[in-house]
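Remember, it's 1-based here, ligands and their atoms both numbered in the order they're listed. These numbers come from the heavy atoms of this one structure, side chains and all, not from hydrogens, waters or symmetry mates.
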Amino acid sequence: MEQYAIRGGSPLVGEVEIGGAKNAALPILAASLMTDETVHIENMPDVRDTNVLLEAMRGIGVLEKRIDRHSVTLNASQVHSLVVEDDNIKMIRASYYLLGALLGKYRQAQVALPGGCDIGSRAIDQHIKGFRALGAEVRIEHGLIKTRAERLVGSHIYMDCVSVGATINVMMAATLAEGQTIIENSAKEPHVVDLANFLNSMGANIKGAGTDVIRIKGVSKLHGSEYTIIPDQIEAGTFMFAAAVTKGDVTVKNVIPKHLESISAKLLEIGCEIEETDDAMRVVCSKPLRHTHVKTLPYPGFPTDMQPQITVALGLSSGTSIVTETIFENRFKYVEELIRMGADIKVEGTTAIIDGVEKYTGATLYAPDLRAGSALVIAGLAAEGITVVDNIHYIERGYEDFHLKLRALGAQIEKVSSERELQKFKLKVG
Ligand code: EPZ
């Protein structure tokens with residue numbers, strides 16, 4: 001099994017190029033099959049989740065041509081199956097985006113129930129409510145979500161909770177429904193806006209994405225498009241916190257600073273300096289970190305996908321900090337790993353009470369999910385001695401070349417796949 005071996009203690013210094021947003025790429029790839037014409041996508045991250053989705057799309061007849069690592073053309077004129085149930089697709093959350101896309105275009109779909117990171121109960125009732133409001137039948141049988149509609153007709157839908165996935169799924173199906181759909185209490189994340197922009201570039205009529213009311217006038221057909229995916233806000237935020245905990249000086253390039261506001265606000269509060277240009281952010285951290293309180297919220301609030309990374313930083317900050325998780329009820333599993341590194345953190349329900357310590361010490365850690373995995377790597381970069389992070393396939397779901405990008409910033413990190421390689425790394429770094 002592959003692991004990351006890390007020798008902590010080197011400040012990260014330099015520039016890092018941020019890739020395309022995974023959570024925008026997934027719905028955009030799925031939505032590409034809503035036209036029979038060719039779609040060209042640029043800035044696609046080459047990560048496990050996008051590759052699994054592409055494999056499932058190929059499996060139902062979508063023609064894929066990889067132009068280079070980050071650009072792909074897709075053509076769905078020869079889709080031959082509306083049943084998506086290959087073994088890998090069950091592992092990723094975004095499998096359900098194929099439901100909205102296929103239902104919109106073909107009026108029916110069957111997709112394996114979604115998996116993804118184990119961070120909470122992750123209900124799909126709002127997706128189902130939205131599809132039913134558009135006139136579709138939805139059933140769950142034999143591990144598949146099955147949906148079918150004689151006609152899809154626009155509707156007024158109030159989401160009971162703010163859900164990225166449900167907003168995206170309903171938006172896709174409603175794009176090819178008859179008449180107008182209004183989604184109230186919709187998610188406002190940058191990737192929701194990116195998908196709306198992509199669909200509009202294919203001829204859809206979607207207004208209000210980025211606000212909490214989205215209005216969609218159904219169209220009968222979509223056409224081909226060329227589209228560039230937005231930069232990954234969470235990848236950028238992860239490197240920004242890596243700079244903070246290693247007392248480094250890192251510039252994240254190819255970002256949209258507006259998408260990083262809640263993250264940079266917290267970095268400023270804990271004592272980092274930030275310089276912003278049009279498409280880059282520089283984080284410099286030379287002073288001891290200070291405590292703060294954080295509550296995760298839907299965008300533009302502080303993202304749940306950055307909660308483990310900020311907790312790692314607060315674990316090394318002076319004073320007591322409180323982190324409250326309001327999106328997923330089971331997202332503090334990594335805390336027991338941090339405690340093994342010397343962190344002083346108590347979790348009570350959805351709150352973590354953190355008393356900052358002077359330093360972490362290296363340990364062998366188990367990544368419980370994607371973002372927690374990246375946070376444990378950051379903790380290892382700041383720790384004294386050697387840290388080994390196990391289960392890194394989670395991290396590879398959402399970070400492209402994570403260890404290589406860190407290494408280019410001066411981190412001592414290597415991917416190892418045997419005890420021998422680990423011993424070699426230990427000898428090398430002394
Ligand atoms: C997306 O998950 C992201 N995944 C997650 O990123 C991210 O953490 C999350 O949005 C919140 O920003 C992808 O984009 C593939 P939700 P999603 O529906 O769509 C409840 C990462 O690390 N809910 O916005 O599954 C749900 O239980 C991943 O990249 C319902 O109750 O999240 C949760 O408490 C992890 N009923 C809350 O809403 C529903 O029908 C938000 O979930 C749907 C959701």
* Positive for side chain to side chain donor-acceptor pair (under 3.5 Å) with D305, one of R331, Q233, K22 -> R331
* For the residue pair F402 and Y4, categorise the inter-ring angle as parallel (less than 30°), tilted (30 to 60°) or perpendicular (more than 60°). => tilted
* Asked: Under 4.0 Å from ligand 1, counting heavy atoms only, is it the side chain of R371, its backbone, both or neither?
  -> side chain
* **Sub-4.0 Å heavy-atom approach of Y394 to ligand 1** => no
* **Side-chain (T35) to main-chain (L222) donor-acceptor, under 3.5 angstrom** => yes
* To do: Name the orientation class of the two ring planes belonging to F241 and F302 (parallel below 30°, tilted from 30 to 60°, perpendicular beyond 60°).
  => perpendicular
* Structure fact -> At under 4.0 Å between heavy atoms, what of D125 touches ligand 1? The answer is both
* Asked: Where does D305 meet ligand 1, judged by heavy-atom distances below 4.0 Å: at the side chain, the backbone, both, or neither?
  -> side chain
* Structure fact -> Any heavy atom of Y299 under 4.0 Å from ligand 1? The part involved is neither
* What atoms in ligand 1 come closer than 4.0 Å to a heavy atom of H127? -> 40 (O)
* To do: Ignoring hydrogens, just give me the one of G301, A166, A123, G373 whose non-hydrogen atom is nearest atom 43 (C) of ligand 1.
  => A123
* **Region of I327 engaging ligand 1 - heavy atom pairs below 4.0 Å** => both
* Asked: Backbone, side chain, both or neither: what part of R331 comes under 4.0 angstrom of ligand 1, heavy atoms only?
  -> side chain
* Relative to the heavy atoms of Q126, which atoms of ligand 1 are at a distance of less than 4.0 Å? -> 36 (N), 39 (C), 40 (O)
* Asked: Is it true that G398 lies under 4.0 Å from ligand 1, counting heavy atoms only?
  -> no
* Would you call E329 a ligand 1 contact, heavy-atom distance under 4.0 Å? -> no
